[in-house]
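To start, the structure itself, in structure tokens.
We name chains A, B, ... by the order of the sequence lines, and we start the count at 1 in each one. Scope of the values below: all heavy atoms of this structure, side chains included, with no hydrogens, waters or symmetry mates.
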Amino acid sequence: MACWLLKTEPNTFSIDDLASRPGHTEPWDGVRNYQARNFLRDGMRVGDEVLLYHSSCAVPAVVGLARVASVPRPDPTQFDPESPYCDPGSDPDHPRWVLVDIRYVRHLPRPVPLAELKQHANALGDLALLRRSRLSVMPVSDAQRDFILALAGDRSAGA
DNA sequence: GCCAACGTTGGC
DNA sequence: GCCAACGTTGGC
């Protein structure tokens, strides 16, 4: 099973918001970067594991676990004139942007701050989070996943 | 709030 | 297709 890292700004939509949604599930809309879109559209499978990351906040950190809960489908906000994610250039017959549903699994025993991840560049150096800081959807290798969960003291580290 | 990184746009 | 200008992200 593949693993991904998804960024979210907790001031807008936090892991606690996800956990409190009906079914603990939310359509992950608003991805408007082609590389991130390609990961969503071409790489994600139902059941894939997700590390949730809080960005643009006091302590940027990996904060919890989730799962991909749907296949990709068109992101309706691209056609919504009221939405900040509206994209007038997207053709309804060939939608440019997609989303998947994301389902909350659990918080990590403790958040793992970005600053701490940076201290382990030997183990995590090719994690896109540490290299291309602006990418909001990125793949995480099994080894990187296990390492981060072990830092957090999560029970499934290495499982 | 500043600013570096970097993705996107558009003129040529 | 190049590349300068511009806009956005996101750490600090």
Side-chain angles (χ1 to χ4, degrees), chain A residues 2-21 26-44 48-68 72-102 104-105 107-141 143-154:
Chain A
C3 185
W4 308 90
L5 185 145
L6 296 183
K7 291 183 186 176
T8 185
E9 299 188 14
N11 290 338
T12 302
F13 189 81
S14 72
I15 185 174
D16 297 311
D17 294 323
L18 179 63
S20 64
R21 283 294 189 270
E26 178 78 356
W28 206 258
D29 59 17
V31 172
R32 294 293 181 272
N33 167 282
Y34 287 104
Q35 192 176 7
R37 187 277 313 269
N38 293 346
F39 286 132
L40 285 179
R41 186 189 62 189
D42 306 330
M44 286 193 178
D48 278 359
E49 199 164 32
V50 170
L51 299 178
L52 289 174
Y53 176 85
H54 280 174
S55 66
S56 295
C57 55
V59 183
V62 179
V63 294
L65 289 171
R67 286 196 188 276
V68 176
R73 64 178 183 276
D75 179 346
T77 63
Q78 70 195 300
F79 303 121
D80 178 1
E82 304 297 312
S83 171
Y85 304 127
C86 183
D87 180 1
S90 182
D91 176 354
D93 292 329
H94 301 276
R96 180 177 290 168
W97 306 111
V98 300
L99 57 72
V100 295
D101 290 339
I102 295 296
Y104 170 84
V105 174
H107 286 62
L108 295 181
R110 69 174 184 95
V112 181
L114 176 63
E116 186 172 341
L117 297 176
K118 285 180 172 176
Q119 293 170 4
H120 299 282
N122 286 341
L124 298 172
D126 69 345
L127 182 66
L129 185 69
L130 304 183
R131 297 154 54 94
R132 294 188 304 281
S133 61
R134 296 182 53 182
L135 191 61
S136 64
V137 178
M138 68 194 74
V140 178
S141 73
Q144 289 165 342
R145 168 208 177 273
D146 290 348
F147 191 89
I148 293 167
L149 294 190
L151 284 178
D154 188 88

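Under the 4.0 Å criterion applied to side-chain N and carboxylate O atoms, A/R96 and A/D87 are assigned as salt-bridge partners.
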Indicate every side-chain donor-acceptor pair of residues 13-21 of chain A with a distance under 3.5 Å to a residue at least two apart or in another chain.
| from | atom 1 | to | atom 2 | distance (Å) |
| --- | --- | --- | --- | --- |
| A/S14 | OG | A/D16 | N | 3.2 |
| A/S14 | OG | A/D17 | N | 3.1 |
| A/S14 | OG | A/D17 | OD2 | 3.3 |
| A/D16 | OD1 | A/H107 | NE2 | 2.8 |
| A/D17 | OD2 | A/S14 | N | 2.8 |
| A/S20 | OG | A/D16 | O | 3.2 |
| A/S20 | OG | A/D17 | O | 3.0 |
| A/R21 | NE | A/E26 | OE1 | 2.9 |

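Remark: side-chain polar atoms of A/K118 are not paired, donor with acceptor, to backbone N or O of A/L130 under 3.5 angstrom. Using a distance-only test at 3.5 Å, with no hydrogens or angles considered, a donor-acceptor pair links the side chain of A/R110 to the main chain of A/L151. Under a 3.5 Å cut-off, the side chain of A/D75 and the backbone N or O of A/G30 do form a donor-acceptor pair.
In this structure A/R41 satisfies the side-chain hydrogen bond (donor to acceptor under 3.5 Å, both in side chains) test together with A/N38, sequence neighbours excluded. Evaluation of the side-chain hydrogen bond (donor to acceptor under 3.5 Å, both in side chains) rule for A/D42 yields no partner, not counting sequence neighbours.
Put simply, CD on A/Q144 and CG on A/L117 are 10.0 Å apart, with the number rounded to the nearest 0.5 Å.
Of all the residues in residues 108-119 of chain A, A/L114, A/K118 reach under 4.0 Å from DNA chain C with at least one non-hydrogen atom. A heavy atom closer than 4.0 Å to some atom of DNA chain B occurs in A/N33, A/Y34, these being the qualifying members of residues 32-40 of chain A.
Counting heavy atoms from C-beta on, the side chains of A/T8 and A/H54 come closer than 4.5 Å.
Put simply, chain A comes within 4.0 Å of DNA chain B, heavy atom to any atom, from B/dA5 to B/dT8, going 5' to 3'.
Across A/T77, A/D80, A/L99, a single residue satisfies side-chain contact (heavy atoms from CB on, under 4.5 Å) together with A/Y85, and that is A/T77.
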